[in-house]
Structures are given as C-alpha cells and as structure tokens.
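Okay, so here's the structure we're looking at.
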There are 2 protein chains.
Amino acid sequence: MDRTARHSETRYGNRPTMKDVAARAGVGLKTVSRVVNSEPGVTPDTERRVQEAIDALGFRRNDSARVLRKGRTASIGLVLEDLADPFYGPLSRAVEEVARAHGALLINGSSAEDPEREQELVLALCARRVDGLIVIPAGDDHRYLEPEIKAGIATVFVDRPAGHVDVDMVLSDSFGGAREGVAHLIAHGHRRIGFIGDQPRIHTATERLRGYHAAMRDAGITVEDDWVSLGSTEPERVRAAAEEMLSGPEPITALFAGNNRVTVTAVRVIAERERPVALVGFDDIELADLLGITVISQDAAAVGRTAAEHLFRRLDGAEHAPARVELPTTLIPRGSGELPPA
Amino acid sequence: MDRTARHSETRYGNRPTMKDVAARAGVGLKTVSRVVNSEPGVTPDTERRVQEAIDALGFRRNDSARVLRKGRTASIGLVLEDLADPFYGPLSRAVEEVARAHGALLINGSSAEDPEREQELVLALCARRVDGLIVIPAGDDHRYLEPEIKAGIATVFVDRPAGHVDVDMVLSDSFGGAREGVAHLIAHGHRRIGFIGDQPRIHTATERLRGYHAAMRDAGITVEDDWVSLGSTEPERVRAAAEEMLSGPEPITALFAGNNRVTVTAVRVIAERERPVALVGFDDIELADLLGITVISQDAAAVGRTAAEHLFRRLDGAEHAPARVELPTTLIPRGSGELPPA
DNA sequence: CATCCTCGTGACAACGTTGTCCAGGGCCTA
DNA sequence: TAGGCCCTGGACAACGTTGTCACGAGGATG
C-alpha cells in the first residue's frame, strides 16, 4: 500500500475523482470536467460514456477543489445574534431565498450577543472565503473587518450599524417606530409611560429609547428616572424592572417594550395585575393578535431580503459608495395600546 | 502583466498568500504554515518576524485550500423544512452549539417541504464535502444518499425517518404524544374529537393520526370520517377544516391540532366561536401559556442537540449500527385541554 | 576531535479541479 | 488534391495549503 492509497482512505472515504472517472470512461480528465460542467465540445457518445462512468462510480464533484481553482465559493455568511429568536428566523429565511436564487449556500452562526464570538465567527467565514457577509453585529467596533473588506469580501450590516468601518447597512427605523408607538400611548391619554429596553450598548436599544424621549418631549412630558430601564432581556430582569415601575405611589399607566423578548415578559407581568396597563411593544409576535397586543412591527423578512439583494448587487459588481437603507415600521393597534390610563 | 497577475486580480481580490508572507518575512513557505497553525519547531524570533508579516499584509489563511489538502471541511450541513418556522429555530441553534463545540461551522438550507429541493440541497452540501449532514427530510425516498453515505458523509435524520436508507435517526414520539393528548381530552369527557394534521406524506402527520386513532380505540369510540382532516397547514385550509368540524348538527366538542401551525389557526377559529371547544395542540408555542393552550410539547433544542451529538460521535469514529432514538413528549395542561364538552 | 542527535528550516509533491493551449482528424473550399 | 478551418479531446500548469523528507548547524557524547 503506497502513501497515496493510505491517504485516500482517510480522505473523503475514498471518493472517486475525475481522474477515476476519466480512466473508467477511457477519456481525458478535462473531458470529464466538461461533461460535469455541461461545457460544450463533447460528442453525445463521449458524454454518454462519461456519464455512465460517473453513475457507476458514484462520482460527485469536489467543490472544495473547484472553489480553490475558481476563487468563488458561491456561499455567503450570515452572522446573527440568535438563530432561535423568532425575529431572526424569517430574516434568515429571506436571506436564504435570495442566496438560493443566486446559486449560493448560506453558512450561519449565532454570536449570542458576544462581540468576541461575533469576530471569531466572521473571521472564520472570511477564512472560508465566503463571497459575502451579512452581519447583525454584537460589538461596536468592526475595524477587524477592514482587511477583509479591502480584500473583496462584500459586507452588509443589518439591524444595527457597523462601528468604525464604512459598509452597506440595512436598518429598521427604530427611532421613528418607538416615537410613533409612544406617541400613540400619549394620544390615548397616558403621561406616565415606562420604557424597558435591551442593553444600552445595542444600537437599536438606544435608538428606541431616543424615540421614546422624543415623543415624550414633543408632548411636553418630563420623563422621570425610574420610568426607564435598559439592560438584559432575561425574563427575570425585565420582570423586576416592570414590577418596580408598576408599584410605588405613582406607578406608570403604560409601558413601551423595546423588543419582542421584553414584550413577552411584559405581557405576562401585566396579565398578573388587576389594574390594566397599556402596552405597546417593538417587534410583532406570533399570536399577538389573539392577545390583543399593540405593536410596532418591522418586517424581518423584508430586512433580510433587502440586505441580501444589496449584497448580491455588490457581488455582481456594483461599486457605488456604501449605502444606508432604513426600512419603515408599522404601528398595529390591537387593543393593548389603546387602553386609557387606569 | 503576466497571466498569473491577471488571475490574481479576480481571485479573492488579490489576497496575500503564505508565499507572500514568506517572502516578506524572509522565511520558507512551510515556516509560515507552521506559525499559522501553531505547530512546534519555530524559534520565537522567527515566529515574531512571520507574525509581523502576517499583520502587515492582512493575511488570512485560505481554508478552501486547507480543506482540499486535509480532506475535512469542519462544517456540517443542516437541511430543514423552513428556517422561519419557530420549531426549527431552537433546533438549529442547538445543532449550531454542538457544532461550535466541535469547531465546525453550520451550513443550512430550507427544503420548503419540497423533496426535489431537499435532494438538490443535500447533494450540494455533499459536493462541498461537509463532514456530516443533519436532515429533516421532505421526501420519503433517500436512496440518492447511498453513494454519499458510503463515501463517508455521516448522516442523521431528524424528526422524520429516512426512506430506503439505513441511517441514524432522532425522532420525537409523535404517536405516543398524540395518543396522550387525545386520551387527555377523552378523560375530560369528550367523545366527539376532531383531528387536523399536516399532509399525509409527512411521517409525523400520520404517526400523530395513528396516536389519535389508538386513543379513540382505547376508549371504545368510533371515529367518524369527517372528524379527521389531513392536508396543507396553510391557514385557509386549516380554517376551512376546523369550521366544518365545528358546524353541522353534531359538531365536535374538542380538537387535536397536529402541529404548531395548525394550533395557531385553530386557536383563532375557536376564539371566534361562542361555544367553547377544547383544544390540545402538538408542539408548544410562544405565549401559549398566556392563552391557556394545552399542548404536547417536544423539546426542539433537545432533538437538535441529540442529533448533532450523534453526528459528531460518528465523525469521531463510532461505528455501531445506525440507531433510532425516540425522544419523549410532555403534556402541558393549561386550560384549553381541560374544558368539558359544551 | 569525530560522531551522533536534535532542532529549526525549507524544498517539494500532492490534494481535485479548471483554464489554456495544442494536436489530430474530418470536412469544406478553391 | 491541397490547404485551411472547425471540432473534439487531452496534456499540463495552477489555485493555496499541508505532509514528508532532507539538510545543515549546533550541542552532547564518546
């Protein structure tokens, strides 16, 4: 057993290569390549012989080698926060559909909101030479991406802006959406309105808080310190924050929830109370219609689709300056946001 | 400009290679490789020089070439039905976590319940030489996988069994879960119980129906034809089926919903009615607790984790016969399943 | 002082594919 | 009939990396 054979045993379990197919079909290597890639210049008879050899051996082209040779992987990377979050499911799916339309596969990973893990993932994807990257950033400094972008990996940031690096971005109008939602509560008579949001280092969290403040200012309402709480979206934290706002001598009469996870916990807390509390949440939630929850809805699928389309436009050679797209949000009144102050 | 240079321009945007790093550091190619891979046998001084060159050039190892050489891609493929379905989010995430623990990336795709698309995706993943595959099958004939499996691509089927091919499987106890859920309704006094499920070619759908029939038989109840409806889970279809069962002279008093999408629509239909209708759904749903929906819960994350762990055990060399694991389900009573017959 | 070992290093082939280029045969045209 | 062209097919290099092996310097040992 020579060295080559020993190797082969551990390599892809001895898969046949084009060379094997060529030998069996009695043709040259390149001819097999032509058949596999449906290139012209092969007589029907030769093609048939090659095809038979392919079927007999169970040959399948090794795309690793192909990628190495061609320099394109026909795959894009998607780094998001948590694949299990219902907001990201439709987003991934939309990205996948666009990728599929362009013949590309999707490699994705969750950063778990950890900047270090984000970087690790992104760089692993770059090492694989994905053609493009869609990133929902966890961190706020992305200078580590500079050499990669310069080297030609098209990149689009989604949902949150990139830090210190000039790339395409697709965002939702967090500021405007939150402002509209809070104004909606104010229009229904509320003045003591609470805000519970995600960690302040997350851009959407601060944007939504900014929207909250803007709406309050517009209405001439002075926001009291204990009406606002940013932090983890763990149920315990959110629950504690909500309960504190709802207790005391002068409790809030309405609550604005900064994202889907906060909304879910807020709904639970409010359901346990006797006094009704108005609620508007950012992000739509399944079954929110049945529970009568008023939300600011952002179209996750549209965000994903837009980002992916931008990416492929770049890959197809578009060379304009990086653009920043902001998608609008929609207020969906369902009852919880229209309750009057208790 | 010679041919090589012309090429380089289109290849990964002229990324530096180990050769470039070697030239700049004044060392041999292999030494760079050693530094990049933290192999022993490099003096600190040499290592420093190489590292400087790497940083200066922004070099990042090309994993495509590495893969070609090593024969392992450190990536696994996950083919599921729809990334946007809330059931698959946690499943994917669990798979991803296990993959990450093994240093592998996850490539995933949605079959959209289309057998042809499933095959296309699976074979594309095989062409990329993923180390392993986790498949939630759409079709029922997977003989096309035989050469791939023989060639050494470890494969685990999830949620639904594989057709005509002998591989590891991780399933939920659809039969037992449905049987328990229906028995629960019977225990609460129901006899006229409807069943709405997914398309009959989907294994879990028929298994759950089998569980329904078993429970009914156990209770000595004869199932009437129009109590059972299998088909698409599109809201319109489910709504029509439910409304038919709830109308007529002798309507059903309870409904068993065959999966999460059916449950969601069923809840809506029932909410519109005056007469209360008991409901038990297969799969848990977010906020089901607030809506008081009794469900048969299967732990999607556990399913994903188990499947991924099986896969990596295979990849690490386990060579036992293909196993079939069945995970138990849990009945979670929340009110809707405990309503007495109206 | 000769010999053997160890250690750091580099040359080279190989992984499986595709792009380029060339050769030979058949056909058409002048 | 000769010359040229087109069509098919194959030889070969290259993609960027890693495994193998060999080589030379320096230290240890006799």
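Since the model is a prediction, treat every value here as computed from it, not as a measurement.
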Counting side-chain heavy atoms from CB outward, which of [options] is closest to [X]?
X: Thr46(A); options: dT8(D), dG19(D), dT17(D); answer: dT8(D)
X: Val42(B); options: dT8(D), dT9(C), dA14(C); answer: dT9(C)
X: Phe59(B); options: dG19(C), dT9(C), dT17(D); answer: dT17(D)
X: Lys70(B); options: dA11(D), dT17(D), dG19(D); answer: dG19(D)
X: Ala65(B); options: dT17(C), dG16(D), dT8(D); answer: dG16(D)
X: Arg69(A); options: dA13(D), dA11(D), dA11(C); answer: dA13(D)
X: Thr31(A); options: dG10(D), dT18(D), dG16(C); answer: dG10(D)
X: Arg66(B); options: dG8(C), dT18(D), dT8(D); answer: dT18(D)

(message) Tell me whether the rings of His142(A) and Phe157(A) are parallel (<30°), tilted (30 to 60°) or perpendicular (>60°).
(response) perpendicular
(request) Respond yes when some side-chain nitrogen or oxygen of Ser64(A) is under 4.0 Å from OP1 or OP2 of dT17(C), and no when none is. (result) no
(message) Quick check on dG16(D): is either OP1 or OP2 less than 4.0 Å from any side-chain nitrogen or oxygen of Arg129(A)?
(response) no
Is [Y] paired with [X] through a side-chain N to carboxylate O contact shorter than 4.0 Å?
X: Arg201(B); Y: Asp140(B); value: no
X: Arg117(A); Y: Glu96(B); value: yes
X: Arg314(A); Y: Asp168(A); value: yes
X: Arg160(B); Y: Glu113(B); value: yes

Between [N] ([atom2]) and [X] ([atom1]): distance, integer Å:
X: Arg48(A); N: dT8(D); atom1: CZ; atom2: P; value: 16 Å
X: Glu39(B); N: dT18(D); atom1: CD; atom2: C1'; value: 8 Å
X: Asp63(A); N: dG16(C); atom1: CG; atom2: C1'; value: 11 Å
X: Asn62(A); N: dT18(C); atom1: CG; atom2: C1'; value: 13 Å
X: Asp20(B); N: dC15(D); atom1: CG; atom2: C1'; value: 13 Å
X: Ile54(A); N: dG16(C); atom1: CD1; atom2: P; value: 16 Å
X: Leu29(A); N: dC21(C); atom1: CG; atom2: C1'; value: 15 Å
X: Arg72(B); N: dC15(C); atom1: CZ; atom2: P; value: 18 Å

(request) Tell me what Asn37(A) touches on the nucleic acid: a base, only sugar-phosphate, or nothing, going by heavy atoms under 4.0 Å. (result) sugar-phosphate
(request) Report which part of the nucleic acid Ser33(B) touches: base, sugar-phosphate, or nothing (heavy-atom distance under 4.0 Å, all strands). (result) base
(request) May I ask you to verify whether the side chain of Arg34(B) and the base of dG19(D) hold a donor-acceptor pair under 3.5 Å? (result) no
(message) Any donor-acceptor pair, under 3.5 Å, between the side chain of Lys19(A) and the base of dG16(C), if you only look at N and O atoms?
(response) no
(request) Verify side chain to side chain contact (heavy atoms under 4.5 Å, CB included) between Gln51(B) and Asp55(B), making sure each step is shown before the conclusion. (result) CA-CA 6 Å; Gln51(B) 194 58 55; Asp55(B) 294 340; 3.4 Å; yes
